[in-house]
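The sequence lines fix the lettering, A, B, ..., with proteins before strands; numbering per chain opens at 1.
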Protein chains: 2
Amino acid sequence: MMTIKDVAKKAGVSVATVSRVINESGYVNIDTRKKVEAAIKEMNYTPNEVARSLYKRKSKLIGLLLPDITNPFFPQLARGIEDRMQEHGYRIIFGNSDENEEKELDYIQTFIQNNVIGMISSTNFPEKDIYSNLKIPVVFLDRTSNDSPSVYADGRKGGRIAAQEIIARGSSKITVMQGPAHIKPAQDRFQGAIEVLDEMGITYHVIQTSSFSHTEAEQWAVELFDKYIDTDGVIASNDIVATAVIHEAHRLGKRVPQDLQIIGFDDIPLSSLLSPSLSTIRQPAHDMGREAAGLLIKLIEQDKVEDKIIQLPVSFVERETTRSIE
Amino acid sequence: MMTIKDVAKKAGVSVATVSRVINESGYVNIDTRKKVEAAIKEMNYTPNEVARSLYKRKSKLIGLLLPDITNPFFPQLARGIEDRMQEHGYRIIFGNSDENEEKELDYIQTFIQNNVIGMISSTNFPEKDIYSNLKIPVVFLDRTSNDSPSVYADGRKGGRIAAQEIIARGSSKITVMQGPAHIKPAQDRFQGAIEVLDEMGITYHVIQTSSFSHTEAEQWAVELFDKYIDTDGVIASNDIVATAVIHEAHRLGKRVPQDLQIIGFDDIPLSSLLSPSLSTIRQPAHDMGREAAGLLIKLIEQDKVEDKIIQLPVSFVERETTRSIE
DNA sequence: GTAATACATGTAACCGGTTACACATTGGGG
DNA sequence: CCCCAATGTGTAACCGGTTACATGTATTAC
């Protein structure tokens, strides 16, 4: 391994000078700088980030905690984060929490042990002491905690829009799928939807779903039609479940959207490719990631940040699982 | 921050002794150990991995390079890797290469600067010097290079099976979608498929696709029917494109699988939820990830490894986009 | 012409661990 | 009873950078 000493020797200067050249700090004579730069290039030297990190007590690594990248919504967040972090020279240590507190703690632990300079977390436990005791900035993504820095989409509004649209397009026997109880944004959506339903005096049914997993999505869809076969409008808890509902409706010979309208949530990339393509409430996932990264960078690089809470708008994406407005 | 010195002071011993306790190395009196452990617990001390990494010249981090986690196949690999690595106490620094050599080099660079102890890469450039000059073990995942450690599925076989199945189920005007030219496994599939088609003397058409992106998938599907409207069997380059083909067929009023059979590739989680659900060639993605992680761990922990090249089997998953066998 | 300041560079301490080595002390074998 | 091996613990060097501080020279100000 090449070290700063080797470079110093080759350039005939001290390590301090080499360090100054690398970091563009302090005074360095122009000719000395040239010599050092030549040596660096020739030896193909790059500084050991670990040594730097040890002295500075902070690395260029940020910790990213997501529930499960296997759920297509999260890779989009991750890409948004990565793209932005990349531009600023930060890299990502990544972990899936599976919504499991223990795994989460474990990852936070290693993030700290590795001197991460900041953290982005999509957690169900933002109130935990671990977070408030952290000495590094944390941004909560897709989740919130009182006035901690957070980036999220307006779930309640999304739920409201979903309900409004499906009603406006003529569904009256509506079933709302309620996402996992421990996942805040899922509850926000649900609340938003039933709020509107209640306001408009429309009766509805509720199907509880306890996870967002692909494997179970099918079961909820089966249960849905098992219980409420004559439902003519489904507000799904996310696009995966919505996809399963389309599938099941199809299997039962129901025509979508003529007999049954379906609205999803998230707008994952595949939604537009489904048959029929899925009408859904879009969360700007990639942007949410970018914003979260941007916010974290601000928190890292300057201490004062005005807008610590960023709420991004959701929007209704009209596709083929809803009818034209009447 | 808590350091080993603080612990040493509290326990009334030297840092060396604390270190011995932590690492269970050397001799430590049972009572001393108890004292130290008590101090560690009380102060809630965890060692700084950066300092360790600096001295040992290796961390507990592994570098993971994937083309794009936004493509649902890769998160499955990543989960497989993470799950296994987690069990062994290794953590992941992650990067998306976008199949771009420069980004890739850049990430490899930072992996090294952070003393990663090994690397898993899904790259199109396994032959590059960077890889052969690396002093740390590398496992190529979903890609291969002569006799470097690799884990991949049998793409050619997959292509063959796809062709055999679609022919056996009665398609005769087959269109094969050829994946991006620079992606090896995509070409393997394609080769496998046309091999069988040629062997059986069946004429076929080819649609070139230059990416696996969601946004472009729709275009290939449109192009497909634009050029070959009477095709009755499509071998898609992956499940995303296959989904787009179902969508387009649906739009054109073609009945799947009666008028048109479609076989995808990958078996991403959503495939089973599509309408109709997608018949596809399954790659055991999660297992591939696990195997890659297992192989890397072996390479790290013992120098000698017998089976450095692991090929996993693909299988035909019969669903609703193919007809029953005749 | 001299003091103050800017420029240039090197020496060594430091970051928080690990471990080689030195220095006990203890116990068993002969 | 003596010697050597096993046990137990501390001191200090080391990993590869960064930076405070010291030192020295060249400018500039007055």
message: With a cut-off of less than 4.0 Å, is there a side-chain N or O of Thr3(B) near OP1 or OP2 of dG16(C)?
response: no
- line: Here the distance between atom C1' of dC7(C) and atom CD of Glu24(A), to the nearest Å, is 17 Å
- prompt: Contact class for Thr32(A) vs. all strands (heavy atom < 4.0 Å): base, sugar-phosphate, or nothing?
  reply: sugar-phosphate
message: What is the distance, to the nearest angstrom, from the CZ atom on Arg52(B) to the C1' atom on dT19(C)?
response: 13 Å
- prompt: Rounded to whole angstrom units, what separation is found between the CG atom of Asn48(A) and the C1' atom of dC14(D)?
  reply: 14 Å
query: Any side-chain N or O of Tyr27(B) less than 4.0 Å from the OP1 or OP2 oxygen of dT25(C)?
result: no
task: Calculate the interatomic distance between Tyr55(A) atom OH and dC14(D) atom C1'; express it in whole Å.
output: 17 Å
query: So does Lys103(B) have more than 12 non-hydrogen atoms from other groups sitting under 6.0 Å from NZ?
result: yes
- prompt: Which sits closer to the 5' end of DNA chain D, Ile22(A) or Ile30(B), going by the nucleotide each is nearest to?
  reply: Ile30(B)
query: So what does Val50(A) touch, heavy atoms closer than 4.0 Å: a base, only the sugar-phosphate, or nothing?
result: nothing
- request: Look at all strands and tell whether Val28(A) reaches a base, only sugar-phosphate, or nothing, counting heavy atoms closer than 4.0 Å.
  value: sugar-phosphate
query: When rounded to the nearest 0.5 angstrom, what is the spacing between OG in Ser121(A) and CD in Glu104(A)?
result: 5.0 Å
- prompt: Taking only side-chain nitrogens and oxygens of Thr17(A), does any of them come within less than 4.0 Å of OP1 or OP2 of dA8(C)?
  reply: no
message: Under 4.0 Å from OP1 or OP2 of dT18(C): is there any side-chain N or O of Asn23(B) that close?
response: yes
- prompt: Rounded to the Å, how far apart are Ile4(A) CD1 and dG10(C) P?
  reply: 12 Å
- request: Validate the cation-pi geometry between Arg91(A) and Tyr107(B): distance from NZ or CZ to the six-membered ring centre under 6.0 Å, angle to the ring axis within 45°.
  value: yes
message: For a quick check, tell me whether the side chain of Arg20(A) and the base of dG10(C) share a donor-acceptor pair closer than 3.5 Å.
response: yes
task: Report the C-alpha distance between Asn114(A) and Glu49(B) in whole Å, list the side-chain angles of each, state the deciding distance to 0.1 Å, and finish with yes or no for side chain to side chain donor-acceptor pair (under 3.5 Å).
output: CA-CA 6 Å; Asn114(A) 284 284; Glu49(B) 283 297 335; over 6 Å; no
- request: Please report, rounded to the nearest Å, how far the P atom of dT19(D) is from the CG atom of Leu54(A).
  value: 13 Å
field: Lys/Arg-Asp/Glu bridge criterion (N-O < 4.0 Å) met for Arg290(A), Glu82(A)
entry: no
- prompt: Taking CZ from Arg33(A) and C1' from dC7(C), how many angstroms apart are they, rounded to a whole number?
  reply: 13 Å
